[in-house]
Protein chains: 2
Amino acid sequence: MEKKNTELPPGCKVSITGLKDVQDIMGGKWKYRIVAALYFVGKMRFMDLKRHIDDVAPKVLSKELKDLEMNQLVTRTVCSTKPITVEYALTALGESMQGFIQSMADWGVQYRHTVIKKPVGNTLRISG
Amino acid sequence: MEKKNTELPPGCKVSITGLKDVQDIMGGKWKYRIVAALYFVGKMRFMDLKRHIDDVAPKVLSKELKDLEMNQLVTRTVCSTKPITVEYALTALGESMQGFIQSMADWGVQYRHTVIKKPVGNTLRISG
DNA sequence: CTGCATCCACCGTGATACTG
DNA sequence: CAGTATCACGGTGGATGCAG
């Protein structure tokens with residue numbers, strides 16, 4: 001099995017594997033928004049989350065949450081209330097993403113300022 | 001035009017717009033790897049890049065590069081050599097992404113350690 | 001309220017072959 | 001060498017309806 005020359009220089013510190021893992025875990029259109037919402041708002045029920053996040057289709061939200069739960073970034077708690085409700089919350093692991101998510105968002109804001117030159121709005125809404 | 005309740009708490013510092021911008025710009029399967037390769041290896045020709053990055057199909061690599069160029073993250077320089085060659089390099093803007101890309105990759109490595117519990121390899125190849 | 005089932009349209013990705 | 005053309009395929013996201 002022939003190895004191709006895919007080596008990076010010795011000083012290289014970035015892990016492509018790490019990048020790919022993150023892309024797998026956070027793939028899809030909504031995961032970053034879900035995590036951000038849960039981080040800043042705290043645990044939420046399904047419909048609250050849905051309303052916060054641009055009215056994503058329930059099927060899609062459900063799937064995204066299931067993915068996040070499987071990867072141990074979110075917990076799902078069923079409350080035995082009258083009509084059943086379910087609460088979602090970030091795990092410690094999920095919260096630990098805030099660091100680079102923040103960096104990413106900040107870069108995006110900076111990019112918008114310097115390149116797109118259009119306002120960010122007031123950066124305080126989940127949708128838009 | 002009815003506004004939905006999509007407000008985040010006043011202390012919120014993350015910009016969803018910023019996140020979406022980054023997702024738009026860096027969408028697709030290969031862009032992070034391309035940027036990482038160009039960052040650590042420096043300017044490269046098309047085929048070199050292709051070889052570095054897991055032998056991605058030329059059509060796909062071409063498209064990704066065109067996207068990155070359009071968003072001013074890479075430059076494309078045609079060299080009038082015998083058979084024409086083209087060099088791709090990061091712009092300052094592209095290099096400025098290294099910060100959060102690094103954070104993201106590091107988080108991914110940490111995640112792999114604590115959750116997947118499988119080795120990262122030696123983190124020094126673009127593919128794999 | 002939650003979220004699954006079904007159906008469907010679209011796009012991203014990929015293999016291969018070909019042109020300048 | 002640096003791409004483009006063509007074709008094919010699967011996954012993702014979305015609409016709607018229904019079930020626990």
Side-chain angles (χ1 to χ4, degrees), chain A residues 4-5 16 19-20 22-35 37-38 41 43-71 74-89 126-128, chain B residues 4-5 16 19-20 22-35 37-38 41 43-71 74-89 126-128:
Chain A
K4 317 234 175 49
N5 173 26
I16 298 301
L19 285 177
K20 291 210 290 192
V22 173
Q23 281 192 300
D24 288 347
I25 294 167
M26 297 303 285
K29 196 170 169 180
W30 306 100
K31 296 209 178 67
Y32 282 104
R33 258 167 280 189
I34 293 172
V35 171
L38 287 175
V41 181
K43 65 183 177 190
M44 261 186 290
R45 301 201 323 232
F46 188 83
M47 286 310 271
D48 292 334
L49 207 40
K50 177 178 179 326
R51 270 185 289 273
H52 266 290
I53 305 181
D54 221 3
D55 271 324
V56 51
K59 182 189 96 170
V60 177
L61 179 57
S62 182
K63 180 195 163 297
E64 301 280 81
L65 285 168
K66 204 174 292 178
D67 292 346
L68 290 172
E69 190 196 356
M70 200 170 29
N71 290 320
V74 171
T75 56
R76 180 178 180 278
T77 311
V78 179
C79 308
S80 309
T81 48
K82 187 55 189 312
I84 269 182
T85 59
V86 181
E87 276 191 344
Y88 291 93
I126 287 287
S127 59
Chain B
K4 314 230 177 53
N5 173 27
I16 298 302
L19 285 177
K20 290 209 289 191
V22 173
Q23 280 193 300
D24 287 348
I25 294 168
M26 297 303 286
K29 197 171 171 179
W30 306 100
K31 295 207 178 71
Y32 283 104
R33 258 167 280 187
I34 293 172
V35 171
L38 288 175
V41 180
K43 65 183 176 189
M44 261 186 292
R45 301 201 323 235
F46 189 83
M47 287 308 271
D48 293 333
L49 208 40
K50 176 178 180 326
R51 272 186 288 272
H52 265 291
I53 304 180
D54 220 1
D55 270 322
V56 53
K59 183 188 92 171
V60 176
L61 179 56
S62 180
K63 181 195 162 295
E64 301 281 78
L65 285 168
K66 207 173 290 179
D67 292 346
L68 290 171
E69 190 195 355
M70 199 170 31
N71 289 321
V74 304
T75 57
R76 179 179 181 278
T77 310
V78 179
C79 308
S80 307
T81 48
K82 185 60 188 311
I84 269 182
T85 58
V86 181
E87 278 191 343
Y88 290 92
I126 289 290
S127 58

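Note that the structure is predicted; figures quoted are calculated from it, not measured. As a basis for the values below, the full set of heavy atoms in this structure was taken, side chains included, without hydrogen atoms, waters or symmetry mates. Per chain, numbering begins at 1; letters A, B, ... match sequence-line order.
Two residues are said to be in side-chain contact when any heavy atoms from C-beta on lie closer than 4.5 Å; B/K29 and A/Q23 fail this criterion. A 4.5 Å side-chain heavy-atom check between B/L68 and B/M26 finds at least one atom pair inside the cut-off. Residues A/K20 and A/I16 meet the side-chain proximity criterion, which asks for heavy atoms closer than 4.5 Å.
Nucleotide D/dT12 holds its C1' atom 15 Å from the CG atom of A/L61, rounded to whole Å. If you measure from atom CD of B/E69 to atom P of D/dA2, you get 15 Å, rounded to the nearest angstrom. With rounding to whole Å, B/L65 atom CG is found 16 Å from C/dG12 atom C1'. In this structure, B/K50 places its NZ atom 12 Å from C1' of C/dT16, rounding to the nearest Å. Atoms CD (A/Q23) and C1' (C/dG12) sit 13 Å apart, rounded to a whole Å. Atom-to-atom, CZ of A/R33 to P of D/dG13 comes out at 11 Å; the value is rounded to the nearest Å. Rounded to a whole Å, the CG atom of B/L49 is 10 Å from the P atom of D/dA2. In this structure, B/E87 atom CD and D/dC1 atom P are separated by 14 Å, rounded to whole Å.
Side-chain atoms of B/K59 come within donor-acceptor range of the base of C/dG14, with a qualifying N/O pair under 3.5 Å.
Candidate nucleotides D/dC1, D/dG3, C/dG14 were compared by shortest atom distance to the side chain of B/M47, and D/dC1 ranks first. Of the listed nucleotides (C/dT2, D/dG14, D/dA2), D/dA2 has the atom at the smallest distance from the side chain of B/F46. Checking D/dT4, D/dC1, C/dA15 against every side-chain atom of B/S62, the shortest atom distance belongs to D/dT4. Nearest nucleotide to the side chain of B/R51, out of D/dC1, D/dG3, D/dG13: D/dC1. When distances run from any side-chain atom of A/K63 to the nucleotides D/dG13, D/dC1, C/dT2, the shortest one goes to D/dG13. Distances from the side chain of B/A57 to the nucleotides D/dG14, C/dA15, C/dT2 place C/dA15 closest. Of the listed nucleotides (D/dG3, C/dT2, C/dT13), D/dG3 has the atom at the smallest distance from the side chain of B/Y88.
Position along DNA chain C of the nearest nucleotide to A/V86 versus B/K31 favours A/V86 as the more 5'-ward residue. Comparing A/V60 and B/R45 by the nucleotide of DNA chain D that holds the closest heavy atom to each, the one mapping nearer the 5' end is B/R45. Nucleotides of DNA chain C nearest to B/P58 and A/P83 differ in position, and the one nearer the 5' end is that of A/P83.
The side chain of A/K66 contributes no N or O atom lying less than 4.0 Å from OP1 or OP2 of C/dG3. A close approach under 4.0 Å does not occur between any side-chain nitrogen or oxygen of B/R76 and OP1 or OP2 of D/dA2.
In plain terms, the two heavy atoms of A/L38 and A/L49 that are nearest each other are CD2-CD1, 4.1 Å.
Distance check: A/R76 CZ to A/F46 CZ gives 9.5 Å after rounding to the nearest 0.5 Å.
Note on B/K63 versus B/D67: salt bridge recorded, some NZ/NE/NH1/NH2 to OD/OE distance being below 4.0 Å.
At a threshold of 4.0 angstrom between heavy atoms, the contacts of B/G27 with the nucleic acid are absent.
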